[in-house]
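Note that these values count all heavy atoms, side chains included, but never hydrogens, waters or copies made by symmetry. Here is the naming used below: chain letters follow the sequence lines, and residue numbers restart at 1 for every chain.
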Amino acid sequence: MNRRQLPGLLALVFLVGCGATPLSSRYAAEKRLYRAREVLERIANKPEAASALREEAIEDFKALLNDFPLSRAQGDRVETHALGSVRTMAAVHLSNLYRDQKQRKEAIAALRSVRGETKGDPDLALKIHGELIALLSRPLEADSLVDVLRDCAEQLSPADADGRPIPLVIEAPLQVVDLLQSVGEETRAKFELENARAYYEDVARKHAGTETEVVARIELAKVALRQGRVDDADQLLSEVRGLAAAQRYEGAILFSQGGVRAQKPGAGREAIAAFRELIRRFPDDINAPQALLQTGAVWNALGQPDSALAALAEIEAKYPRDTNAAANARLATARVMAQSKHWNDALRTLRSLIADYPRTPPGLLAPLELVKYLDQAGQKDAVPGALREASQTYERMANDLGSDAANRGLVTQALDHLVEVSEALEDWQKAVNALLTRAQNFPDDPRSPLAYVRAAGMLEERLKDRAGAIRTLELLAGRYPDSPLAERAKDKIQELKGSQ
Amino acid sequence: MSQLNLAVWALWESLKDFHRRRLWPPFLVLGIAQLLLVLALTQFHLPLFSWAFVPFLRKTFGEAVLHYPIFFLALPDLFSRINMFMDYLLGCLTLGVAALIIWRSASHERSGQPWSEASKRYASLLLGRTPAFALILLMSYGLPILFSAQGEDAPGSQVRAVRYGGFLIGVLIESLFVYTPIMLLVEKKKLFDALRSAVRLTMKVPVATFLFVMLPNLVQIPLSVALRRADVVMNNLSPEMVAVMVMFTIAAYIVVNYFMVASAVRVYGARGEVKS
């Protein structure tokens with residue numbers, strides 16, 4: 001080699017040295033991900049520039065996914081996982097950005113684009129399936145969600161490396177059943193229930209001696225209960241308690257067993273015994289307050305309201321910080337009192353519930369219950385005043401809590417109750433306003449399309465405002481073009497226009 | 001007091017020669033080599049460097065450091081570890097050349113061929129630097145072990161005492177052997193004679209030597225504080241800013257080295273006038 005060849009050789013070494021390897025590709029992908037996430041941070045810090053920045057971030061994540069396919073890891077196991085993590089995170093961010101822009105189809109497509117390649121990687125597959133399930137649940141896309149849940153159960157291991165169950169996977173078969181039942185597909189639900197039974201028996205057998213077996217057998221008991229085999233469910237739960245790996249789940253098993261026995265004719269006291277054992281042995285168990293609440297319900301069903309009231313009183317004494325449990329206990333107490341026709345006590349309890357726990361679901365229900373009890377107690381003169389007071393409470397609550405995602409459940413409940421109260425007061429304009437607020441502030445809520453339909457109905461029939469009804473139905477058709485309600489809305493619009 | 005005056009005088013004279021461009025090449029050679037090292041480290045993922053850096057990074061800092069941007073959190077520590085060896089292998093030569101150039105410039109001698117002269121005595125320069133290198137290496141590994149023996153809950157005052165104590169011990173070690181290259185290249189002594197003479201000269205003017213070594217090195221304190229907060233820099237600016245900070249540190253060390261060597265040459269030249 002002479003001197004003239006040396007620069008060329010050095011350049012060649014340099015070029016080869018700067019070539020792409022699995023490590024350099026993954027590192028470059030991580031760098032791109034970091035830069036794109038910086039744009040996300042800027043979106044959070046600069047809401048005024050969010051729109052343009054969102055487009056920039058979308059382009060960045062899309063480019064990352066295009067420029068760094070998994071093939072760039074060249075089969076290297078460690079780098080494939082690392083690059084897969086980067087791609088999964090990019091897909092999740094991209095999906096979130098699309099979701100924020102109400103581009104639901106694109107959001108789902110972003111997740112689906114990496115779903116296939118995560119099959120060999122349990123961590124990434126779990127992440128992607130979890131995101132897909134969350135996305136398809138709100139608003140509900142039942143068929144797609146059923147597919148993803150089935151995929152979860154069929155393709156992913158129900159246990160981690162330590163033999164612990166993975167909730168997302170192991171709960172999937174029963175979630176499919178719940179989902180099908182919620183959309184009224186009872187026949188398919190029954191079929192899936194049988195599939196779930198076979199799945200859990202298989203999991204219990206394959207993971208014998210581990211916590212996964214315990215959870216699979218608890219799920220089997222749930223299947224038995226849904227199939228109406230209450231005795232089998234009770235028997236299964238008793239057997240599970242005997243398993244060596246069941247220690248960590250004993251509280252949950254006792255709670256389930258109490259629930260099963262509560263449904264078994266003549267087994268009320270056995271149910272109470274299971275709940276009591278849970279409360280005594282595992283007072284800090286997440287289900288303990290609920291077990292006390294159930295104890296009260298079972299005593300009441302057994303015709304022993306005093307014991308029921310004593311059990312319910314224990315909740316506030318033992319779990320003063322659990323506001324939801326305390327609020328539920330007060331509502332249940334008022335109901336037991338009302339059943340015993342102790343109207344004044346029931347009304348007093350409801351008023352204390354409204355005052356002490358206004359921002360809880362039972363606290364929101366209480367003003368309506370109060371109206372009902374006043375009516376049942378024969379205090380009919382007090383009903384209009386109570387209705388007006390309830391209306392003010394719900395209006396205030398909806399305004400105070402706004403459309404913040406954290407308070408979503410409470411606000412939609414308050415608006416639903418406001419509609420109900422306004423109907424009772426025949427204040428149709430207020431009812432329409434509440435329905436439209438609900439539909440506009442929570443567009444992805446599954447009941448929002450129906451809110452438009454109800455508002456349009458009131459506008460047409462009660463307020464004789466056909467133009468308003470047409471505008472409302474047009475909003476529905478525009479916002480939910482794929483919904484079956486949209487077709488009916490279009491027909492109704494034609495009908496209303498024809499009769500104008 | 002006379003030693004204090006001597007140190008201040010040496011530093012002042014060094015400052016007066018600061019603008020002389022011909023004094024700078026050896027310092028710049030070391031600085032450029034260090035800058036190239038930082039650049040190479042930041043490209044550790046390329047096949048050109050990965051064969052050398054990746055096993056070392058994995059073994060020293062764990063798997064996580066091979067990921068972006070975590071690598072940049074480890075960069076200051078990584079650089080200081082590798083630079084310790086670069087300082088030893090290359091620094092012994094460049095600082096020897098620097099001492100020779102500054103001596104000849106100060107004594108108005110003909111400049112000669114300092115690079116060639118120093119290269120011929122590279123082995124002696126390397127061995128002459130070995131005691132200081134070994135002691136600094138021992139300290140840099142020993143102190144953290146001593147510190148970790150106190151547990152992770154060691155009080156802040158103890159952490160600071162170890163940190164600043166380490167700085168002072170480092171200055172002390174540097175002071176003991178700072179005259180060795182001068183003895184080797186200017187007086188052309190043999191290795192052991194040079195080491196003995198260097199230590200003897202330090203003992204003759206201990207305060208002056210300690211001061212002119214310590215004062216320029218004080219810049220280490222704010223720089224190392226800044227580098228310890230690499231996470232803040234990374235989160236608030238960008239990961240690459242950590243590399244820029246390391247480069248800035250290199251620039252500062254070029255100046256520190258200049259003052260140390262130039263002052264050592266001055267004190268060596270004036271040693272006959274020193275009264276201990």
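Here B:Leu66 contributes atom CG and A:Glu79 contributes atom CD; the two are 8.0 Å apart, rounded to the nearest 0.5 Å. From A:Lys31, atom NZ reaches atom CZ of B:Phe71 across 10.5 Å, with rounding to the nearest 0.5 Å. One finds the OH atom of A:Tyr34 at 15.5 Å from the NE2 atom of B:His67 (value rounded to the nearest 0.5 Å). Remark: A:Leu33 CG to B:Tyr68 OH distance equals 10.5 Å, nearest 0.5 Å.
Counted within 6.0 Å of CZ on B:Phe56, heavy atoms from surrounding residues, nucleotides or ligands total more than 12; the atom is thus considered enclosed. In this structure, B:Leu36 places its CG atom where more than 12 heavy-atom neighbours from other residues, nucleotides or ligands lie under 6.0 Å away. Atom CZ of A:Arg77 sits in a sparse spot, with 12 or fewer heavy atoms from other residues, nucleotides or ligands closer than 6.0 Å. The environment of CZ in B:Arg81 is crowded: more than 12 heavy-atom neighbours from other residues, nucleotides or ligands sit within 6.0 Å.
Using a 4.5 Å cut-off between heavy atoms, A:Glu41 does not touch chain B at all. With a 4.5 Å cut-off on non-hydrogen atoms, A:Ala28 does not touch chain B at all.
Considering all non-hydrogen atoms of both residues, A:Ser24 and B:His45 come closest at CB-O, 3.4 Å.
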